[in-house]
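Here, residue 1 is the first one in the sequence, and each next residue gets the next number.
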Amino acid sequence: MKYDVIVVGGGHAGIEASLSSARMGQNTLLITMLVSQIGAASCNPAVGGLAKGHLVKELDALGGNMGLLTDKAGIQFRILNASKGSAVRGTRAQIDMDRYAMSARDLCLKTKNLSVSQEIVEELIMDGDSVIGVVTNLMNRYESKSVIITSGTFLKGLVHVGEVKLNAGRINEFPSVKLAEQIRALGLDIGRLKTGTCARIEGASIDFSKMDYQELETPMPFSFRTDKNTFNPKQLPCYVTYTNEKTHEIIESNFYRAPMFTGQIEGIGPRYCPSIEDKINRFKERHRHQLFVEPQTLEANEYYINGLSTSLPTDVQEKMIHSIAGLENAKIVRYGYAIEYDYIQPTELKHTLETKKIKNLYFAGQVNGTTGYEEAAAQGLMAGINASLKNMQKEPFILRRDEAYIGVLIDDLVTKGTKEPYRMFTSRAEFRLLLREDNADIRLSEYGYEFGLIEEDFINKVRTRKSQIDDGVRYLQENFLTNSKENIEILAKLDEDKIVEKTALVNIVARHTFDEEKLLKLIPQFNSYCDEVVTQILTEAKYSHYVKKQQKQIEKMRQMQAVRISDNFVYKNLPGLGNEAIEKLEKVRPQTLFDASNISGITPAAIDIIYIYLRQK
């Protein structure tokens with residue numbers, strides 16, 4: 001059987017990869033070990049958060065599905081950093097993990113051009129340096145123009161619970177061994193990483209009266225395509241409790257049985273989401289650690305203990321959980337565990353997520369060394385789009401760092417690589433004032449429409465809103481207030497300081513004391529705009545001074561991106577380049593001068609040497 005695109009793995013990356021390629025007209029096959037586990041929330045039952053929320057919003061703006069699925073399955077919606085600037089706010093939602101997976105599975109099964117098969121891919125079919133299909137454990141042979149590997153933690157996955165080791169890609173699920181061995185044999189740079197999850201607790205056994213109640217917020221949908229006027233999901237509360245000195249004593253006294261301390265685990269774990277034993281070992285001065293008790297489904301039969309990831313033996317897990325306020329009589333439904341797995345060093349990939357060494361082979365998601373559903377889904381969408389574009393002999397789709405967090409994510413991975421699970425943060429985006437959640441649709445939806453992933457009625461709404469925002473900002477930039485008596489009185493009524501000279505409206509509105517209410521009083525014609533447009537006009541005004549500075553950096557970056565470096569460029573012939581720089585450049589093979597500048601250890605002097613040589617040529 002022949003296909004245009006084959007996607008291996010039905011996690012969050014696999015879902016977005018297969019749906020995007022199918023909707024772009026590619027005959028697509030999604031092969032997954034268990035159809036029932038498509039879209040499974042292997043770890044925490046939540047989507048989004050700081051910077052991760054940006055990724056989901058961008059994914060949605062491009063025509064991805066994670067935001068829509070979250071809105072269908074969400075059971076609590078919250079805006080993190082709500083009191084801070086809009087550039088660093090992040091949307092987060094608790095999800096009903098069962099309903100999320102069910103909706104994802106149903107979407108895959110009913111999407112045109114997409115077939116789903118429950119098998120295990122054991123071999124890539126090669127033709128020289130190109131992949132041309134796969135062979136499964138059922139001896140089915142599928143040929144294709146492109147193959148996207150979205151294997152998550154399944155490549156030689158090994159689960160640890162205390163001294164117990166289980167060969168598994170997820171607890172009690174088969175690992176992918178033969179495929180992992182072939183990928184290594186193909187000469188790709190492969191490493192080992194580790195992640196983990198916490199125990200799940202029977203809801204009826206929890207004493208919530210001993211915990212802090214988290215107040216519910218007015219729910220706001222994740223997807224720009226969800227109707228805000230009708231969005232009214234049933235919300236469930238989360239609770240907060242803490243570890244204590246007794247908890248820490250139980251854990252410390254069992255360090256000798258902790259796989260991460262005994263040498264049993266080889267892989268490197270996530271720096272920013274450590275296990276509870278790692279936290280207690282690293283932060284000995286802290287007498288307690290915050291834990292979030294989160295429902296996993298709308299029925300609230302099981303709760304996830306966010307912050308209590310562990311690979312300690314089951315008897316130790318019982319003791320430490322029972323030492324925590326509200327969990328004294330807790331019944332464990334699923335024990336926590338660690339898992340280590342093979343990942344591909346992402347410097348092996350182009351910005352399209354196609355491997356440099358093997359044509360038509362793409363990798364996306366956790367297998368590229370990332371953490372989180374959101375990072376995985378973003379990569380899956382980009383791999384699906386680029387595989388489809390290549391099949392159609394069209395130009396690749398590569399987002400710049402000034403265009404999207406997705407661009408930052410992929411650029412970081414393929415130019416810098418990673419030796420620990422990579423997590424997205426707002427601090428990683430140097431142009432984050434431009435890359436807000438609230439303008440993701442304006443930034444990216446035209447791309448989604450071009451690829452056929454966004455409907456016409458939606459893009460028309462985006463275009464109208466963008467036009468109104470541009471008109472509003474232009475009005476503020478082009479109109480002024482003089483320091484006349486009348487204008488000073490207007491400012492006084494708004495409880496604003498007077499001006500001493502002719503001042504652009506944008507500079508007055510940019511004051512930290514200015515809000516939407518004052519803006520509408522100062523510029524009454526803005527009342528014809530919806531609240532969302534007014535808010536964004538105000539935001540653009542407040543950031544305008546800083547954005548001008550960033551535009552200069554962006555122009556420099558674009559100039560460097562325009563300088564292409566050929567795939568067969570020989571760095572060792574350049575006088576003045578050190579051996580370390582040559583080694584890194586030869587390994588990463590940057591495609592532009594800007595990509596080269598992002599490689600760790602490559603100095604501005606080295607960039608100048610390459611640039612001068614390229615100009616001479």
* Asked: Which atoms form the tightest heavy-atom contact between L349 and V414, and what is the distance?
  ->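 Where L349 meets V414 most closely, the heavy atoms are O-CB, 3.6 Å.
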
Determine, for [Y] and [X], whether the Lys NZ or Arg CZ falls below 6.0 Å from the six-membered ring centre while staying within 45 degrees of the axis.
X: R401; Y: F594; result: no
X: K145; Y: Y3; result: no
X: R428; Y: Y422; result: yes

Please check this pair: side chain of [X] against backbone of [Y], looking for a donor-acceptor N/O pair closer than 3.5 Å.
X: Q118; Y: V35; result: yes
X: E348; Y: K357; result: no
X: R443; Y: R436; result: yes
X: Q76; Y: L236; result: yes
X: D60; Y: F224; result: yes
X: Y373; Y: N44; result: yes

* **Working for salt bridge (charged side-chain N to carboxylate O under 4.0 Å, His left out), residues E437 and R89** => CA-CA 8 Å; E437 277 194 357; R89 293 172 190 161; over 6 Å; no

* To do: Flag the pair V56 / V47 as yes when at least one side-chain heavy-atom distance between them is below 4.5 Å, and no otherwise.
  =>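 Yes - at least one pair of side-chain heavy atoms lies under 4.5 Å apart.
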
To the nearest 0.5 angstrom, please state how far the [atom1] atom of [X] sits from the [atom2] atom of [Y].
X: S42; Y: Q366; atom1: OG; atom2: CD; value: 7.5 Å
X: L29; Y: L114; atom1: CG; atom2: CG; value: 8.0 Å
X: I38; Y: L109; atom1: CD1; atom2: CG; value: 6.0 Å
X: D438; Y: Q536; atom1: CG; atom2: CD; value: 4.5 Å

With a 4.0 Å cut-off on N to O distance, would you call [X] and [Y] a salt bridge?
X: K466; Y: D470; value: yes
X: K178; Y: E122; value: yes
X: E294; Y: R92; value: yes
X: E299; Y: R99; value: yes
X: R423; Y: E375; value: no

* Decide yes or no on salt bridge (charged side-chain N to carboxylate O under 4.0 Å, His left out) for E420 and K194, but give the supporting numbers first. => CA-CA 8 Å; E420 62 184 50; K194 167 258 178 187; over 6 Å; no

* Worked verdict on E119 versus N137 for side chain to side chain donor-acceptor pair (under 3.5 Å) -> CA-CA 7 Å; E119 301 177 61; N137 62 326; over 6 Å; no

* Under the salt bridge (charged side-chain N to carboxylate O under 4.0 Å, His left out) rule, what do K228 and E532 come out as? Steps first, then yes or no, please. => CA-CA 11 Å; K228 292 181 180 179; E532 191 175 353; 3.5 Å; yes

[X] and [Y] aromatic centres sub-6.0 Å:
X: F154; Y: Y341; answer: no
X: H351; Y: F397; answer: no
X: F231; Y: F77; answer: yes

* To do: Give the intermediate values and the outcome of side chain to side chain donor-acceptor pair (under 3.5 Å) for residues S21 and S388.
  => CA-CA 6 Å; S21 64; S388 301; 4.7 Å; no

* To do: Would you kindly say whether E123 and Q182 are connected by a side-chain donor-acceptor distance under 3.5 Å?
  =>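 Per modelled atom types, E123 and Q182 side chains form no pair under 3.5 Å.
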
* To do: Taking atom CD of E455 as the centre, report whether more than 12 heavy atoms of other residues, nucleotides or ligands fall under 6.0 Å from it.
  =>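 Counting neighbours around CD of E455, 12 or fewer heavy atoms of other residues, nucleotides or ligands fall under 6.0 Å, so no.
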
* To do: Go through the steps for N391 and S146 under the test side chain to side chain donor-acceptor pair (under 3.5 Å), then give the verdict.
  => CA-CA 8 Å; N391 288 350; S146 301; 2.9 Å; yes

* Check against side chain to side chain donor-acceptor pair (under 3.5 Å), D96 and T297 -> CA-CA 4 Å; D96 181 315; T297 63; 4.7 Å; no

